[in-house]
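Take a look at the structure below.
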Amino acid sequence: MVRVSGGATELKRICWLIVAWLLSACSPAPEFSDGSGEPVSLRHFVDKPLLVNYFAPWCAPCLREMPLLNALAAEGEIAVVAVNYDPTTPAELGNLAAQYHIRVPLLTANEDAKLPFPRPSGLPTSYLLDSEGKLQQTLIGELDQQQIEMLKTTVSRMSH
């Protein structure tokens, strides 16, 4: 009896290990890293629409639109993240955020990330995702207050 019971326990353990491995293999790799080097996934923002803004510190229009993005995020209806276009370290991200007064999460995209949008060919580029992470709109060029208002209108329509 003891052998059967031990074998059953071992079999259960192996089955759970297989299930755990399958589940981890199915979950996508985190798409981004934050200023602490921690992984960040689009799934973290699933409860509300998300504006993903690609910028670079050498891009003057990117820096000009940052106060608008900070204000939009502060309103709370749309989550906003800024993605540094160039490869960088977590420490450099922190310095950029401080230097350019970026109050939204500042991220870098991981090389092997499966994103619902292409890597932009020009900057600034923003992608509006719905609360399920599906791409709704692509905005190329510097955002102004009128475009921010249009985004808010689009988001209010998506929630109805």
Side-chain angles (χ1 to χ4, degrees), residues 20 22-160:
L22 287 172
L23 288 174
S24 68
C26 292
S27 62
E31 293 89 351
F32 304 101
S33 297
D34 67 12
S36 306
E38 293 297 314
V40 177
S41 173
L42 288 174
R43 291 186 316 251
H44 290 111
F45 304 100
V46 154
D47 60 338
K48 65 171 69 173
L50 173 66
L51 186 67
V52 178
N53 174 265
Y54 275 80
F55 92 106
W58 45 261
C59 166
C62 299
L63 299 177
R64 282 195 304 262
E65 72 181 3
M66 207 49 73
L68 289 173
L69 296 174
N70 287 334
L72 178 64
E75 289 176 15
E77 294 300 312
I78 302 173
V80 179
V81 296
V83 179
N84 190 32
Y85 186 78
D86 298 321
T88 189
T89 66
E92 290 170 328
L93 278 183
N95 292 340
L96 286 174
Q99 183 177 353
Y100 297 108
H101 309 287
I102 300 170
R103 293 190 300 274
V104 300
L106 185 53
L107 310 171
T108 56
N110 296 330
E111 293 277 326
D112 55 351
K114 303 251 188 300
L115 296 168
F117 46 81
R119 180 170 164 84
S121 55
L123 294 177
T125 296
S126 298
Y127 300 100
L128 179 64
L129 307 179
D130 64 17
S131 59
E132 296 173 4
K134 294 183 182 130
L135 180 63
Q136 297 299 312
Q137 202 165 356
T138 301
L139 300 143
I140 299 170
E142 182 179 352
L143 295 175
D144 58 23
Q145 190 58 48
Q146 184 178 352
Q147 287 170 307
I148 295 288
E149 294 305 319
M150 183 221 27
L151 277 173
K152 290 195 265 187
T153 301
T154 300
V155 164
S156 70
R157 282 193 203 124
M158 287 188 319
S159 63
H160 289 99

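Given the structure is predicted, the values throughout are model-derived calculations rather than measurements.
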Atom of Pro39, atom of His44 and distance for their closest heavy-atom approach: O-CE1, 4.1 Å

Side-chain heavy-atom pair Pro116, Tyr127 within 4.5 angstrom cut-off: no

Audit row: Phe55, Leu106, side chain to side chain contact (heavy atoms under 4.5 Å, CB included) steps and yes/no: CA-CA 10 Å; Phe55 92 106; Leu106 185 53; 3.2 Å; yes

Check against side chain to side chain contact (heavy atoms under 4.5 Å, CB included), Thr125 and Ile140: CA-CA 4 Å; Thr125 296; Ile140 299 170; 4.1 Å; yes

Under 3.5 Å: donor-acceptor pair, side chain of Lys152, backbone of Glu77: no

Reported CZ-to-CD distance for the pair Arg43 and Glu31, which is rounded to 0.5 angstrom: 7.0 Å

Distance in Å, Leu63 CG paired with His101 NE2, rounded so as to fall on 0.5 Å steps: 10.5 Å

Side chains of Glu65 and Asn53, donor plus acceptor under 3.5 Å: yes

Spacing of Ile102 atom CD1 and Leu93 atom CG [to the nearest 0.5 Å]: 9.0 Å

Separation between CZ of Phe117 and OG of Ser126, rounded to the nearest 0.5 Å: 10.0 Å

Side-chain donor or acceptor of Tyr85 paired with backbone N/O of Arg119 under 3.5 Å: no

Interatomic distance, Met150 atom CE to Leu139 atom CG [nearest 0.5 angstrom]: 5.0 Å

Smallest separation among heavy atoms of Val80 and Leu50, with atom names: N-CD1, 4.1 Å

Atom CD of Glu75 with >12 non-hydrogen neighbours under 6.0 angstrom: yes

Identified side chain to side chain donor-acceptor pair (under 3.5 Å) counterpart of Ser33 within the set Asn110, Thr89, Thr108: Asn110

Within 6.0 angstrom of Gln145 CD, more than 12 heavy atoms from elsewhere: yes

Atom of Val83, atom of Ala109 and distance for their closest heavy-atom approach: CG1-N, 3.9 Å

Distance in Å, Gln147 CD paired with Leu72 CG, rounded so as to fall on 0.5 Å steps: 12.0 Å

4.5 Å side-chain heavy-atom contact, Val104 and Leu51: no

Qualifying disulfide (SG to SG under 2.5 Å) pairs with a residue from residues 44-121, counting only residues at least two apart or across chains: Cys59-Cys62

Check against side chain to side chain contact (heavy atoms under 4.5 Å, CB included), Phe32 and Leu42: CA-CA 8 Å; Phe32 304 101; Leu42 288 174; 3.7 Å; yes

Which atom of Leu129 lies closest to which atom of Leu135, heavy atoms considered: CD2-CA, 3.5 Å

Criterion side chain to side chain contact (heavy atoms under 4.5 Å, CB included) on Leu107 and Val52, from CA distance to verdict: CA-CA 10 Å; Leu107 310 171; Val52 178; over 6 Å; no

